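The structure appears below as structure tokens.
Values in this document were obtained by computation on a predicted structure and should not be read as measured data. By convention in this document, chain letters (A, B, ...) are assigned in the order of the sequence lines, proteins followed by strands, and residues within each chain are numbered from 1.
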Amino acid sequence: MNSDLFFQYVVAGITYGTIYAVVAIGFNIIYNATGIINFAQGEFVMLGGMIAVTLSRFLPLPVAILGAVAVTTIIGAVIDILFIRWLRGPSVLRMIIITIGVSILVREVALHVWGESVRALPYFTGTSVTSIKMGNVYISPQVLWVVGVSAIAVVALSAFFHYTMLGRQMRACAANRDAARLCGISAKNMVTLSFMLSAGIGAIGGAVVCPITYVQYDSGTPLAIKGFTVAILGGLGNSAAAVGAGMILGILESFSIWVLPAAYKEVISISLLLLILFIRPSGIFGSAEAARLKEF
Amino acid sequence: MRGRHLPVLIFGGLIVGIQLATSVAGNPYHLTQLTMSAYYSLLAIGLCLLVGYAGQISLGHAGFFAIGGYITALLTTHDLSSRAGGASRWLAKAGILSSRTDLYGGELLTVHPWVACLVAVLATVGIAYAVGGPVLKLRGHYLAMATLGFGVIIYRIVLGTEFLGAADGISDVPPFAVLPGLEVSGKAALRASNYYLAWGVVIAAMVLLLNLIDSRAGRALSSIHGAEDAAEAMGIPTARYKLSTFVLSAAFAGLAGVLLTHYNGGIGPSEASVMKSVRYVAIVAVGGMANLWGTLLMSLLLNYLSLRGYFGTYDDAVFGVILILIMLFAPDGLLRRQLFEELKAAVFPAGGEKET
Amino acid sequence: MRGKSGLICAILALALMAGASVQAAEPIKVGAILSVTGPASFLGAPEAKTLEMLVEEQNKKGGFLGRKIELIVKDSGASAEKAFSFAKQLIEEEKVFAILGPSTSGESMKIKSVAEEGKTLLLSCAAAEVIVNPVAMYVFKTPQSDKDAVIKIFQQMKKMKISRIGVLSSNTGFGNAGKAQIEKLAPAYGILILANEVYDKAASDLTAEVTKIKAANVEAILNWSIEPAQAIAIKNARQIGLKVPIFQSHGFGNIKYVEAAGPAAEGVIFPAGRLLIVDVLPKSHPQKAVLNKYKKDYESRFKEEVSTFGGHAYDAFMILAKAIENTNSTDKELIRSAIEQLQGFVGTGGIFYFSPSDHNGLNIDAFEMLTVRKGKFVPLAK
């Protein structure tokens, strides 16, 4: 394999990796605030893409995307209010099953609203065949959009959690819910906010990868599985690590087709997930102590 | 006769009653879907033991079903006649291989269904044992994701491998002659006997599980579910109990896979999908997590309706809604154990054998 | 008066009873097992819509032989066990006269023996060769054979002096079957396969796969899949600077994939039924009238572009209708041999010539080589 091919594979890996990382970031937000893994995260990404496509029929593209993000954010809030908010001390098992049920419901509603056909957004810059040539390596401008948007998302999130009042309240809630409530922070509102943020991030991700990957009513579930893998790889709750872990998984998958038939790509990523779970559940970048502090 | 076995008799009566009713009404066709439901219920009650009683979630049980089904399908359809040599002749004489003619008149030499069944169930048990060890050390979300991951790996393997039929699965699986004169097959003429065979297997499994729950092992399981660390502190070898339960439920799933594959005459990758695993968990949840009878009845009903296409294009949506509604409003399931106990108290007011 | 009204009542009662038992009043039940939702919904949904439309139209004309047609559609979601259960239900319980579908090869294989045992006609909308080979008495299929599609492509490649190709296929029944035919027939046409990749049907990006193909220095790419990934494959190939000709399977026959792929679809070459280019067919072409009518009816009713997938269901129903018309009965044996004797039946997939040993009826002439120009399907210049 010469160096051009090597770098082309790396670029492919970065493409996959950023898509997974976007989903993983969404998982982490809700997990940090609530200790819940939201199995419906992949559906937020799907909704972002689908709604953006529908809105782009009669709105200019940037407005359509903002609209899609707004609508999905509201849907995130609605899901929390309808299904999560009023539960008292639910067990982990119960929460897992509820979010799985929600994911199925959202998917089936999408099927009956939009039909089964596949939809695509136009490329933000250029077309489906333009690519930027760096040396002998070709990279689609859309990939740069995806990477750029994810980077901005991570930075913005970080800033939100560290420098804003609301963000600090959410962190307080995650660290110690009862103490936070004693300080007057409404835990329930923090949870709703986390769902909204998570849905919004997912929607942005969905809209920005839609030109590359297309969107269909059932694109959410496989993404959720990959996203969760990446989240655990990086250490649940750590969004910056999720990006790194996403890159690692993406590149691993990309190079794996050199040795294994491509149909087994997912076997590689799941095997990696199981390996991490067995050996080091706190993730590659996580620490065991930090993991133990989180209630699960 | 212990009190807990009375429901078994009642249920057995119900099964016989349904069959007689359908034959009187002249539509024995329902028995087909009821028979298929029986095999899915075999998996469900095993899963109920694991999820409800031992409190370990498994989102990958369809994987065990698929392992059992695919192994038996592969062994009973792979033609070995081209490798005719001393070994295969000896094996044929020993009864391990059997020959038959296929739909188009060709000669086939394949593994005997009984041997295939044994291999399939043993393989399922072996894999469950190997996977269960590390997986069950995890808890909560991690356990859920690990089992989900296991299910996905099995799905990808059967979907991506050519000699397992890839996306088309394996067809033309022969009937399984369990006893001379009694075979597991989808033929219309054998509808009633297959129905009784299937439910017979399920009832036997139920009796096994009921005995298990009322034994010391069962109480250990309940304590693990309630508070694992406390149980460990009390000296209960939790890891061993969890693993045994996992392996037992996997064995049920594998056996169900074997029998249903022979009944359907084939198997496809859809049997290993994530959605199937989720459905099984939904059925256990709806039946009442730690309620074998509830799970059995719900499995019978829901699988029957689904297989008859009652829910139309909303099939998956129905299971999703059921999951949500049950988990929100009745996390102990619709047919709660307390309900049964209250009923029992009403029927047998005082004295007599009571379930603990 | 009493006696007379009593007599009239008696006659009416007798007539009612007779009417109830007279076959003519009973509807003809036709079953359909389709993957309307689920992983093969892009096949099953247009098929279901097509059948719905055709049955309604036929019923307006009085149905078959004066009896209304009752279409029972079962959504199998591409799941083999559901297909099996529905097949048993339709054949044994509903006692349907024929089953149209299933949409996928896997399901068709599962119920092939059920249909044979139940002596019920099965007109499959799935493409695999094994459905009709070996021939089962009651089982037919309407899509073209993938062997012919591959031959057509190889003939075109020979014309373009292409001999070294890279092959991509998806891990579905359609993809696997195509790959098998490609590998089998390549040597006969002097085609060397330098790279051979199988990808997951739900793959969202195939850059790594096409990179591997680019590294093999091929003269053309042949992609064989039937779902959205086929648009992704050609897009990724162009993005990494692969300029060689791209060939697709007949699964590319839906304008949505062209739209999704955008400029990457320009110049893609693939074989397809003539439904997609009906507008440029000469008036004298035998298929023109049938294709035009189907396209117009489908598009005006469902407000979406017609696809070759729905066409398979159209052919299945119309073949059944023709056989009923020819024999003037609904006896399964008569219909079965009537279908086997159909020669020159004009359908959307091609012109069918059935025989007792050929239960598919289409040959290589069912295909036309098409390409994409400015986002539209046009015939490939000879």
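- Heavy atoms closer than 4.5 Å to chain C are found in both the backbone and the side chain of I212(A).
- For chain C, no part of Y264(A) is nearby; none of its heavy atoms comes within less than 4.5 Å.
- Remark: F7(A) CZ is loosely packed, at most 12 non-hydrogen atoms of other residues, nucleotides or ligands lying under 6.0 Å away.
- Looking at E197(C), only its side chain comes within 4.5 Å of chain A, counting heavy atoms on both sides.
- Looking at A231(C), the atoms closer than 4.5 Å to chain A (heavy atoms on both sides) sit in the backbone and in the side chain alike.
- Using a 4.0 Å cut-off between charged side-chain N and carboxylate O, E259(C) and K376(C) make no salt bridge.
- Counting heavy-atom pairs under 4.5 Å between each of S41(C), G262(C), G38(C) and chain A puts S41(C) at the top.
- Comparing K256(C), E209(C), E304(C) by heavy-atom pairs within less than 4.5 Å of chain A, the highest count is held by E209(C).
- Y294(C) and Y314(C) have tilted rings, their planes meeting at an angle from 30° to 60° on a 0 to 90° scale.
- Inspection of the Q230(C) and N223(C) side chains reveals no N or O donor paired with an N or O acceptor under 3.5 Å.
- Between chain A and the options T211(C), N196(C), D200(C), L206(C), the largest number of non-hydrogen pairs under 4.5 Å is found for T211(C).
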Verdict with reasoning, H312(C) to T142(C), per side chain to side chain contact (heavy atoms under 4.5 Å, CB included): CA-CA 6 Å; H312(C) 300 321; T142(C) 53; 3.7 Å; yes

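- In terms of non-hydrogen atom pairs under 4.5 Å with chain A, the most contact-rich of I232(C), V36(C), I234(C) is I232(C).
- Side-chain atoms of S256(A) and S254(A), non-hydrogen and from C-beta on, never get closer than 4.5 Å to each other.
- Y138(A) is listed as a side-chain neighbour of K214(C), based on a closest heavy-atom distance under 4.5 Å.
- Shown here is R301(C), whose CZ atom has more than 12 heavy atoms of other residues, nucleotides or ligands within 6.0 Å.
- In this structure, the side chains of E183(C) and I193(C) come closer than 4.5 Å at one or more pairs of heavy atoms.
- Within the 4.5 angstrom heavy-atom criterion, only backbone atoms of P211(A) (N, CA, C, O) approach chain C.
- Among the candidates R119(A), Q216(A), E116(A), E108(A), the residue making the largest number of heavy-atom pairs closer than 4.5 Å to chain C is E116(A).
- Heavy atoms of K212(C) lying under 4.5 Å from chain A belong to its backbone as well as its side chain.
- Between chain C and the options V137(A), V118(A), V11(A), the largest number of non-hydrogen pairs under 4.5 Å is found for V118(A).
- Contact count against chain A (heavy-atom pairs under 4.5 Å) is highest for A260(C) among A229(C), A264(C), A260(C).
- Ring geometry, W224(C) versus F174(C): the interplanar angle falls under 30°, so the pair is classed parallel (tilted spans 30 to 60°).
- Heavy atoms closer than 4.5 Å to chain C are found nowhere in E253(A), neither backbone nor side chain.
- Put simply, of P39(C), A261(C), G44(C), the one with the most heavy-atom pairs under 4.5 Å next to chain A is A261(C).
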